[in-house]
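Single-structure report; data block below.
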Amino acid sequence: MTEKIAVYPGSFDPLTLGHLDILERALSIFDRVIFAVLANPAKTPLFTADERVELIQASVDGRPRVEVAQFDGLTVDYAKSAGAVAIVRGLRVLSDFESEFQMALMNRRLNPSINTVFLMTSFSNVFISSSIIKEVCRLGGNVDDVVPPASVAAMRRKFGLD
Ligand code: PNS
């Protein structure tokens with residue numbers, strides 16, 4: 001049987017427990033999941049693409065059926081080149097839906113053979129976003145229970161807190 005591969009694209013600036021929650025859910029559906037780190041997102045990222053990849057690797061290293069890659073250009077083009085049948089995106093709150101819906105329909109227009117699969121995050125992760133976490137960490141707040149240890153350490157270094 002052909003392996004079912006999903007691409008999980010994002011900025012991952014940095015990886016949060018919300019992203020890892022979506023990864024687990026995607027692994028229960030697909031044979032292989034590829035974290036696809038967009039190297040040059042519209043918003044200037046705190047971490048370089050290599051750093052964002054390393055932070056994901058630090059959390060999933062050795063994990064079977066999970067890969068980490070970086071890409072530029074269209075997500076559908078990357079997904080096609082990776083042999084993926086689906087793009088995975090996490091949904092937290094209703095306000096995520098509008099832009100995600102738009103993106104999914106545009107991606108379908110660009111490549112009708114790749115479907116977007118939306119996965120609901122767990123209730124405890126609903127308020128987690130990389131941007132809010134960066135702000136809280138920068139201002140000295142504790143984010144230990146919402147991001148993996150590697151992301152906390154890397155943010156603290158970037159913000160000159162350690
Ligand atoms: O983590 P983010 O920032 O919400 O991820 C957004 C991302 C990377 C999935 C999106 O910006 C994207 O797919 N960018 C790649 C360029 C692209 O394909 N644009 C058309 C999508 S409609």
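As the structure lists them, so they are numbered: ligands from 1, and atoms in each ligand from 1. Below, each value reflects all heavy atoms present in this structure, side chains not excepted, and no hydrogens, waters or symmetry copies. Index from 1, following the sequence.
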* Kindly confirm or rule out an N or O of Glu100 lying under 3.5 angstrom from an N or O of ligand 1. => no

* In terms of residue, atom name and distance, what is the protein heavy atom nearest to atom 19 (N) of ligand 1? -> Leu74 CD2, 4.0 Å

* To do: Keeping the roles fixed (side chain from Thr121, backbone from Leu91), state whether a donor-acceptor pair exists under 3.5 Å.
  => no

* Of the protein's non-hydrogen atoms, which lies at the shortest distance from atom 3 (O) of ligand 1, and what is that distance? -> Ser11 OG, 2.5 Å

* Contacting atoms of ligand 1, where contact means under 4.0 angstrom from a heavy atom of Met106 -> 22 (S)

* **Short side-chain to backbone donor-acceptor contact, Thr16 and Gly18, under 3.5 Å** => yes

* To do: Measure Arg89 to ligand 1 on non-hydrogen atoms and call it side chain, backbone, both or neither using the 4.0 Å cut-off.
  => side chain

* Proximal ligand 1 atoms for Met103, defined as those under 4.0 Å from one of its heavy atoms -> 10 (C), 21 (C), 22 (S)

* Contact atoms of ligand 1, heavy-atom distance to Asn107 under 4.0 Å -> 21 (C), 22 (S)

* Asked: Is the shortest distance from a Lys or Arg side-chain nitrogen in Arg89 or Asp96 to a carboxylate oxygen in the other one below 4.0 Å?
  -> no

* **Protein heavy atom at shortest distance from atom 11 (O) of ligand 1** => Leu38 CD2, 4.2 Å

* Asked: Which of the atoms in ligand 1, numbered in the order shown and given with their element, are less than 4.0 Å from a heavy-atom of Gly73?
  -> 15 (C), 16 (C)

* CD of Glu100 to CD of Gln102: how many Å apart, nearest 0.5 Å? -> 10.0 Å

* Does Asp162 pair with Arg156 as a salt bridge, N-O distance under 4.0 Å? -> yes

* Would you please test Ser122 and Asp21 for side chain to side chain donor-acceptor pair (under 3.5 Å) and show each step? => CA-CA 7 Å; Ser122 67; Asp21 174 359; 2.9 Å; yes

* Asked: Are Leu23 and Val68 joined in one hydrophobic group, where the rule is that I, L, V, M, F, W and Y side chains link up if heavy atoms are under 4.5 Å apart?
  -> yes

* Asked: Quick one: which of Thr116, Leu105, Thr75 has a heavy atom closest to atom 12 (C) of ligand 1?
  -> Thr75

